[in-house]
Number of protein chains: 2
Amino acid sequence: MTETAVESAATESKSQQAYAAVKARIIEGTYTPGYRLVLAKIAEDLGFSVVPVREAIRRLEAEGLVKFERNVGATVAGIDPTEYLYTMQTLSIVEGAATALSAPLIDPATIARARAVNQEMRECLEHFDPVRFTALNQDFHSVLFEHCPNPHILDLVHRGWNRLASLRSSTFRFVPGRAQESVREHEALLQLIESAADADTIEKAARQHRAATLDAYLATTN
Amino acid sequence: MTETAVESAATESKSQQAYAAVKARIIEGTYTPGYRLVLAKIAEDLGFSVVPVREAIRRLEAEGLVKFERNVGATVAGIDPTEYLYTMQTLSIVEGAATALSAPLIDPATIARARAVNQEMRECLEHFDPVRFTALNQDFHSVLFEHCPNPHILDLVHRGWNRLASLRSSTFRFVPGRAQESVREHEALLQLIESAADADTIEKAARQHRAATLDAYLATTN
DNA sequence: GTCATAGTTTTCGTATACGATTTCGTACTC
DNA sequence: GAGTACGAAATCGTATACGAAAACTATGAC
């Protein structure tokens with residue numbers, strides 16, 4: 001479920017390849033926030049010309065991963081705490097909605113898989129492996145969203161995740177105190193889904209799950 | 001508040017101009033869904049070369065207004081009823097959230113302005129002016145969102161609106177029966193905001209306001 | 001009359017080239 | 001020593017050009 005680096009078949013356009021390559025580098029942390037993305041340099045690294053690279057960068061800009069300034073250039077976006085707040089708040093809303101929409105379509109087997117992921121997360125806590133924990137956290141929700149009936153909302157969720165991923169090596173980090181609660185909330189969420197709770201209850205729980213992490217962050221800064 | 005056609009100052013990059021121009025044409029209905037956007041042709045129309053046009057089209061694709069297929073070309077997106085459902089559902093969620101977030105920041109003067117817009121909408125109903133009604137409807141919500149504290153969510157709202165606008169001349173239309181209810185719901189919403197109702201109540205009302213239109217549409221097709 | 005096939009045309013995809021703008025470094029002035 | 005002005009370098013923005021893929025059309029076989 002981890003994103004493979006993808007040196008995809010030549011059937012993909014170069015702009016597509018450039019997009020995937022730069023995006024991967026941002027998400028995996030090679031290019032950290034503030035890193036200057038010089039078109040010519042990236043083009044040379046990837047082995048093709050600037051036009052497709054430029055297109056890729058603009059696409060990343062549309063997703064909020066890159067900040068582009070006219071006649072100046074592109075940089076990896078966003079260490080701004082305000083931006084973090086916006087992203088988390090938005091994510092809280094769309095994740096809540098995605099969970100509520102998906103819940104009625106989740107079968108017991110899927111619940112079991114999600115529970116297995118959550119169990120792994122518990123183990124990560126014991127061995128203190130925050131990187132894997134974060135990845136699993138995303139996997140957990142991905143499992144829940146597998147049958148999400150609205151791809152638009154799912155897309156918004158993914159965009160939010162990407163944004164957060166790009167902030168990985170910045171000031172916004174894994175909060176140890178939250179992690180244990182997070183695992184507990186996951187289990188509570190699964191039980192709500194199993195018991196076919198009404199959409200509203202599930203949405204609130206899922207929303208709160210994300211919002212609590214934001215609150216934990218805000219608490220550390222105030 | 002209506003979008004002026006904008007033959008903006010030459011201080012804007014051509015790709016930016018192309019983006020605005022094509023977007024405007026889609027939203028105003030010159031390019032209807034299915035219309036084929038040939039890069040070379042648009043470039044010639046606008047008086048510059050294909051590269052910036054290409055970039056503009058890709059940007060519009062990211063916003064969902066255009067569908068782009070490798071080695072085939074671009075067409076104006078989306079008359080698909082499914083797509084309409086996704087968009088409306090998403091819009092219901094993000095508008096609900098935007099309204100709830102904005103509500104505490106709305107002052108009496110703003111309420112008054114919103115009410116004035118709503119009054120105009122009532123008059124539009126009497127003269128049967130659906131085009132203006134639709135525009136005013138957007139204005140109404142724009143007024144409410146003026147102080148929305150989360151620009152990301154506001155951006156999602158605008159994207160949804162643009163998508164809907166692009167569908168204007170398609171099968172999804174002004175539903176006369178809904179319009180009267182819509183005006184009533186606007187007033188109810190204003191009263192909730194005035195009375196400082198809790199965020200949850202406001203969010204539900206705003207969400208339902210959009211969802212009801214979707215339901216009305218679905219009722220006509222079933 | 002329908003289907004398959006080959007050739008033509010259209011259109012996209014990307015490389016290269018050059019002009020425009022910004023930035024950075026240096027020298028000069030106060 | 002601080003600030004400003006000028007020039008050089010870096011980088012972006014767009015035009016043009018050509019190769020590649022797909023779509024269209026016409027021709028022929030069954």
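In the text below, chain A, chain B and the rest are named by the order of the sequence lines, each starting its count at 1.
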Asker: Remember a base hit wins even if backbone is also touched, and classify A:Ile57 as base, sugar-phosphate or nothing at under 4.0 Å, heavy atoms.
Answerer: nothing

Asker: What residues, two or more places apart in sequence or in another chain, satisfy salt bridge (Lys or Arg N to Asp or Glu O under 4.0 Å) together with B:Arg207?
Answerer: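 Listed in chain order: A:Glu203, B:Glu203.
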
Asker: With sequence neighbours excluded, what pairs up with B:Arg58 under the salt bridge (Lys or Arg N to Asp or Glu O under 4.0 Å) test?
Answerer: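 Salt bridge (Lys or Arg N to Asp or Glu O under 4.0 Å) check on B:Arg58 returns A:Glu55, B:Glu61.
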
Asker: Could you pull out all residues at least two apart from A:Asp155 that satisfy salt bridge (Lys or Arg N to Asp or Glu O under 4.0 Å)?
Answerer: A:Arg159

Asker: Sort and list the pairs that fulfil salt bridge (charged side-chain N to carboxylate O under 4.0 Å, His left out) and have at least one residue in residues 90-110 of chain A, not counting sequence neighbours.
Answerer: A:Glu95-A:Arg210

Asker: With sequence neighbours excluded, what pairs up with A:Arg36 under the salt bridge (Lys or Arg N to Asp or Glu O under 4.0 Å) test?
Answerer: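 Testing A:Arg36 for salt bridge (Lys or Arg N to Asp or Glu O under 4.0 Å), a comparison that skips the adjacent residues, returns none.
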
Asker: Just by protein heavy atoms under 4.0 Å, how would nucleotides 13-23 of chain C read 5' to 3' in B, S and -?
Answerer: SBBB----SSS

